[in-house]
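One structure is given below, encoded as structure tokens.
Computed over heavy atoms, backbone and side chain alike; hydrogens, waters and symmetry mates excluded. For this chain, numbers begin at 1 and follow the sequence in order.
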Amino acid sequence: MTTELPKTCDVLIVGGGPAGLSAAYALRAAGAGDVHVIEREPEMGGIPRHCGHSPYGMREFHRLMGGARYARRLTERAYQAGAALHCNVTVMALHPGGRVSVSGPEGLCDIQARAVLLATGARESSRVARFVGGTKPGGVLNTGSLQGLVYLDGLQPVRRPLIVGSELVSFSAFLTCRYAGARPVAMIEAGNRPTALWPAHWMPKLLGTPVLFNTELTQIHGKARVEAVTLRRDGVSRDIEADSVIFTGKFRPENALLRQSHIRVDAATNGPEVDQYGRCSDPSYFAAGNVLRAIETAGWCWQEGRSVATAILAALEDRLPDRSSAHRISNSGDPIAYVMPQFCVTSTVPPAFEAVQLRFSRSARGTARFGAKSYRLKSRPERRITVPLLQGDAPMTLSFDEAT
């Protein structure tokens with residue numbers, strides 16, 4: 001890994017996960033100049049580095065890999081392509097025009113880049129954000145903390161945990177528990193069905209862990225360590241013994257830097273507002289991966305990093321249209337929770353995002369209209385929906401007529 005930070009560079013990539021590393025590789029492979037990746041953790045790789053199980057790598061390397069091996073492979077490819085990789089570097093501030101203040105092993109400094117790619121990923125919602133009451137004992141974790149303790153530190157932090165959530169990452173937490181020799185007491189979901197696609201929720205059932213729907217965690221009990229939890233199901237509360245609680249999912253973009261900067265944040269996605277090239281309100285900045293909207297798979301973020309890298313290369317060659325001419329892509333509201341990208345500019349340069357991504361706030365089916373095109377849609381919350389990108393000269397609204 002490279003240790004000396006530059007004062008100037010062509011492209012600065014903030015975040016060494018799948019999106020950032022794939023962008024670094026793509027930029028260098030396409031002949032971009034000076035490409036630097038900065039990562040606040042001691043190693044590159046992002047969330048997959050913390051995950052010891054499969055499946056990773058089919059889209060990228062056409063083979064199944066564990067998370068740690070997958071992260072190493074991404075890192076090696078970026079490094080071998082000529083990208084400079086810097087770990088233990090924290091971004092302190094984002095300034096107009098691509099100037100970034102960072103804190104690294106050699107102290108504080110500013111880096112002036114021609115283009116900056118934000119690939120800071122997402123994080124799980126905390127206990128506080130979920131409004132769970134009770135005491136504050138040890139043994140309350142999220143999936144990332146659990147996997148770090150198990151796969152990176154070789155510890156067994158839990159034995160009889162309660163897993164909260166039924167997203168894909170929830171089953172990753174379950175597999176991590178099994179790897180560490182733990183036996184979850186239950187997996188609970190507030191909704192009436194699993195968030196992850198069928199048949200994921202059969203795995204814990206087949207291995208002896210009950211999956212409880214329409215169930216909420218209302219209280220955590222214990223002093224030094226979690227001792228029990230209170231669950232509410234169909235209006236009835238009951239206590240069960242557990243030595244830990246693992247909160248999973250409900251991801252949010254890692255947007256603390258954005259909130260403190262001049263870059264506009266979309267109220268619906270909690271990520272930066274971008275056009276079809278992944279370009280932010282300050283055209284020196286681009287974004288890719290789960291900082292745009294939480295949450296997609298590592299493979300999806302890897303592809304976004306590659307696609308946005310192509311747009312960055314076009315920007316370095318002064319081939320992108322002016323960002324000030326962008327037209328907003330809006331939505332008609334419920335049940336459409338958000339759309340991404342939020343803007344589109346008229347251009348002949350191929351977009352990084354060939355489709356508008358949207359999600360529903362609740363289960364719904366009906367007809368979506370975007371320009372002159374209509375699409376039959378049926379989806380649940382947390383499911384990715386894509387509609388082909390419409391490029392034009394007027395404001396665009398994606399509307400939805402729900403079927404009765």
Side-chain angles (χ1 to χ4, degrees), residues 10-11 13 15 18-20 22-27 29-32 35 59-60 98 114-119 253 263-266 268-269 271-293 296-297 299-331 336 338-359 368-375 377 384-399:
D10 290 305
V11 183
I13 298 173
S22 69
Y25 170 79
L27 283 162
V35 178
R59 182 198 302 251
E60 304 87 331
R114 294 176 62 196
V116 178
L117 174 63
L118 303 175
I263 298 171
R264 289 201 297 269
V265 174
D266 181 61
T269 62
E273 293 183 347
V274 294
D275 63 15
Q276 75 265 40
Y277 299 107
R279 189 171 42 172
C280 300
S281 56
D282 179 339
S284 297
Y285 289 85
F286 292 75
N290 283 326
V291 71
L292 288 168
R293 57 34 313 243
E296 294 290 354
T297 64
W300 185 272
C301 295
W302 172 86
Q303 183 58 56
E304 280 190 345
R306 285 164 51 95
S307 298
V308 175
T310 302
I312 292 174
L313 191 64
L316 295 177
E317 297 170 351
D318 199 27
R319 291 190 289 110
L320 289 189
D322 190 75
R323 177 68 168 77
S324 62
S325 66
H327 301 283
R328 176 174 286 278
I329 302 172
S330 58
N331 73 77
I336 300 176
Y338 67 73
V339 297
M340 195 291 298
Q342 294 82 15
F343 289 89
C344 184
V345 295
T346 303
S347 174
T348 58
V349 179
F353 306 124
E354 296 182 346
V356 175
Q357 300 171 30
L358 62 140
R359 297 219 178 173
R369 291 182 175 82
F370 193 33
K373 297 290 184 69
S374 295
Y375 306 90
L377 300 179
R384 180 198 313 131
I385 309 169
T386 58
V387 172
L389 181 70
L390 172 69
Q391 300 193 57
D393 295 320
M396 294 165 281
T397 299
L398 200 155
S399 61

Measure from the side-chain N and O atoms of [X] to the backbone N and O of [Y], and report whether any donor-acceptor pair falls under 3.5 Å.
X: Arg59; Y: Gly299; result: yes
X: Thr397; Y: Ser399; result: no
X: Glu296; Y: Cys301; result: no
X: Gln342; Y: Val339; result: yes

### Task
Mark yes or no: Arg384 above the aromatic ring of Trp300, with NZ or CZ under 6.0 Å from the six-membered ring centre and no more than 45 degrees from the axis.
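Yes, Arg384 lies over the aromatic ring of Trp300.
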### Query
Do you see a donor-acceptor pair shorter than 3.5 Å between the side chains of Gln357 and Glu304?
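Glu304 and Gln357 do have a side-chain donor-acceptor pair below 3.5 Å.
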Contact summary for [X] and [Y], nearest pair of heavy atoms:
X: Val308; Y: Ala288; answer: CG2-CB, 3.9 Å
X: Val291; Y: Pro253; answer: O-CB, 3.3 Å
X: Val274; Y: Ala287; answer: CG1-CB, 4.3 Å

Side chains of [X] and [Y] in contact at under 4.5 Å (non-hydrogen atoms):
X: Tyr277; Y: Val349; answer: yes
X: Phe343; Y: Arg323; answer: yes
X: Leu358; Y: Asn331; answer: no
X: Val11; Y: Val116; answer: no
X: Gln276; Y: Cys344; answer: yes
X: Ile329; Y: Phe370; answer: yes
X: Leu292; Y: Thr269; answer: no

Can you tell me how far the [atom1] atom of [X] sits from the [atom2] atom of [Y], to the nearest 0.5 Å?
X: Ser284; Y: Leu117; atom1: OG; atom2: CG; value: 13.0 Å
X: Asp266; Y: Ser281; atom1: CG; atom2: OG; value: 11.5 Å
X: Glu354; Y: Ser307; atom1: CD; atom2: OG; value: 7.5 Å
X: Phe286; Y: Cys280; atom1: CZ; atom2: SG; value: 8.0 Å

### Task
Output all residues satisfying salt bridge (Lys or Arg N to Asp or Glu O under 4.0 Å) with Glu273, sequence neighbours left out; order by chain, then residue number.
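Glu273 satisfies salt bridge (Lys or Arg N to Asp or Glu O under 4.0 Å) with Arg264, Arg328 only.
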### Message
Restricting to salt bridge (Lys or Arg N to Asp or Glu O under 4.0 Å), what partner residues turn up for Asp10, sequence neighbours left out?
### Response
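Residues passing salt bridge (Lys or Arg N to Asp or Glu O under 4.0 Å) with Asp10: Arg114.
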### Task
Kindly determine whether Arg279 and Val345 satisfy side chain to side chain contact (heavy atoms under 4.5 Å, CB included), including the steps that lead there.
CA-CA 11 Å; Arg279 189 171 42 172; Val345 295; 4.0 Å; yes
#### Entry: Worked check of side chain to side chain contact (heavy atoms under 4.5 Å, CB included) between Tyr375 and Ile385
CA-CA 11 Å; Tyr375 306 90; Ile385 309 169; over 6 Å; no
### Task
Any chance you could lay out the side chain to side chain contact (heavy atoms under 4.5 Å, CB included) test for Thr386 and Val356, step after step, and finish with the verdict?
CA-CA 6 Å; Thr386 58; Val356 175; over 6 Å; no
